[in-house]
Every structure is written in C-alpha cells, then in structure tokens.
Amino acid sequence: MDAERALRRLRDAYGAGEVSTATLEVRTALALTGRAEDAVWDLPRWRLTRDPVRALVLGGSEWPLTERGRWTLGRASDCDIHLAADDAVSRHHAEIAVRAGICLIRDLGSANGTLLNGRFITRARLRRGDVLELGVTEIDIR
C-alpha cells in the first residue's frame with residue numbers, strides 16, 4: 001500500500017470518528033515514513049456488519065470484545081490474552097483490533113504463524129464461527 005492511499009483511509013477513519021487526533025498524528029507519521037500498511041492495517045474497509053464478533057473462547061475462558069479496542073495474544077506476561085501454556089505460541093504472537101464492529105487479526109511475525117480456519121494468515125477479518133490456531137491453542141470466535 002502506498003502512502004497516499006493510507007492517508008486517504010486515515011482521513012476517512014478520522015472523519016468517521018474511528019481514530020482520535022493523537023492516533024491520526026502517529027499513524028500519519030507511520031504512513032509518511034514508508035510504513036503505510038502498519039498505519040492502517042486495523043481500520044475497517046467495511047462500515048457495517050450484521051453479526052459482529054462478541055468474544056474469543058478458549059476452553060472454559062471467554063474474553064469479551066468491545067465495539068472498539070486492541071488486544072495482544074501471546075506467551076508474554078504483558079499480553080492482554082496470556083497463552084503461557086503453549087510453547088509453540090510466540091511471546092507476542094498476534095494482535096486483534098475491533099473498529100466500528102469489524103474484528104481484525106494480524107500475526108506479529110510469530111515463529112509458527114497464525115491459522116484462521118486451517119489457513120495461514122498474516123492479517124484477516126474475523127467472523128463469528130471462525131477458529132484461530134496459535135501454536136496448538138485453538139480459539140473459537142463467537
């Protein structure tokens with residue numbers, strides 16, 4: 001993605017109230033320094049969803065997802081969703097972002113990759129009923 005396209009997406013997201021002024025400034029700097037994809041990866045391309053993702057479910061644990069937010073998944077203690085029991089999960093394995101009811105995931109350069117419904121992804125949109133695999137850990141999307 002080029003900087004011009006990223007800047008247009010940032011402008012639209014700011015106008016829709018999806019990013020704050022401070023976030024816009026930081027992400028504009030990213031786009032202008034050759035990191036356009038990092039500046040806009042979690043901004044929705046779609047505006048409406050009929051069946052938004054509500055939670056991540058792992059075994060008996062459930063992590064509710066709000067309409068807006070960011071969560072990191074991994075073995076590190078500073079991750080929002082701590083997956084310490086799986087040695088195949090990287091310390092900072094993946095990141096989930098929700099904006100305007102759209103739930104997205106991106107792999108953070110993990111050693112073993114992230115699978116969505118059995119396919120390796122670097123980033124993707126999550127939908128209810130999907131299954132994420134990080135290492136040998138399976139997470140249901142509800």
*asked:* Just verifying a value: how many Å separate N117 CG and D130 CG, rounded to the nearest 0.5 Å?
replied: 4.0 Å
_I'd like to know if the side chain of N112 reaches the main chain of A88, judged simply by a donor and an acceptor atom lying under 3.5 Å from each other, with no hydrogens or angles considered._
yes
*Between D78 and H92, is any side-chain donor less than 3.5 angstrom from a side-chain acceptor?*
yes
*Considering all heavy atoms of both residues, which atom of E138 and which atom of V131 are nearest to each other, and what is their separation?*
OE1-CG1, 4.1 Å
*Carefully, step by step, assess T122 and D107 under the rule side chain to side chain donor-acceptor pair (under 3.5 Å).*
CA-CA 5 Å; T122 54; D107 185 89; over 6 Å; no
*Can you name the closest pair of heavy atoms from A31 and A3 and give their distance?*
O-CB, 3.4 Å
*W41 side, atom CH2; R9 side, atom CZ - distance, nearest 0.5 Å*: 11.5 Å
*Nearest-0.5 Å distance, CZ of residue R123 to CG of residue L108*: 13.5 Å
*Check R70 against A97 and note the closest heavy-atom contact, atom names and distance.*
CG-CB, 4.1 Å
*Looking only at side chains, do T21 and Y14 share a donor and an acceptor under 3.5 Å apart?*
yes
*Can a donor-acceptor pair be found between the side chains of H93 and T114 at a distance below 3.5 Å?*
yes
*Are R106 and E95 ion-paired here, with the side-chain N under 4.0 Å from a carboxylate O?*
yes
_Is there a path of hydrophobic side-chain contacts, each under 4.5 Å between heavy atoms, that joins I141 and W63?_
yes
*Taking the side chain as every heavy atom from C-beta outward, state whether R27 and L43 have any atom pair closer than 4.5 Å.*
yes
_Backbone of S90 reached by a side-chain donor or acceptor of S110 within 3.5 Å_ = no
*Consider only side-chain heavy atoms of I, L, V, M, F, W and Y, link residues closer than 4.5 Å, and tell whether V40 and L32 are in one cluster.*
yes
*Is there a side-chain contact between T28 and E25, using heavy atoms and a 4.5 Å cut-off?*
no
*Whether over 12 other heavy atoms sit under 6.0 Å from R5 CZ*: no
*Which atom names give the shortest non-hydrogen contact between A36 and D2, and what distance separates them?*
CB-O, 3.8 Å
_With side chain to side chain contact (heavy atoms under 4.5 Å, CB included) as the criterion, how do I121 and L115 come out once you've worked through the C-alpha distance, each side chain's angles and the decisive distance to 0.1 Å?_
CA-CA 6 Å; I121 56 102; L115 283 85; over 6 Å; no
*Could you give the distance from CD1 (I81) to CG (L73), rounded to the nearest 0.5 Å?*
4.0 Å
*Between L126 and L116, is any pair of side-chain heavy atoms under 4.5 Å apart?*
yes
*How long is the gap from CZ on R75 to CG on D87, to the nearest 0.5 Å?*
6.0 Å
_Quick check for you: to the nearest 0.5 Å, what is the distance between D42 atom CG and C103 atom SG?_
11.0 Å
*Would you mind reporting whether L104 and I96 have side-chain heavy atoms less than 4.5 Å apart?*
no
*Indicate yes or no: does E62 engage R142 in a salt bridge with an N to O separation below 4.0 Å.*
no
_Would you say L83 ends up clustered with W71 if hydrophobic residues are merged whenever their side chains have heavy atoms under 4.5 Å apart, either directly or through other cluster members?_
yes
_Run L24 and L10 through side chain to side chain contact (heavy atoms under 4.5 Å, CB included) and show every step you take._
CA-CA 7 Å; L24 176 67; L10 285 168; 3.9 Å; yes
*Please assess T137 against V89 for the test side chain to side chain contact (heavy atoms under 4.5 Å, CB included), listing each intermediate value before the final yes or no.*
CA-CA 8 Å; T137 301; V89 172; 4.3 Å; yes
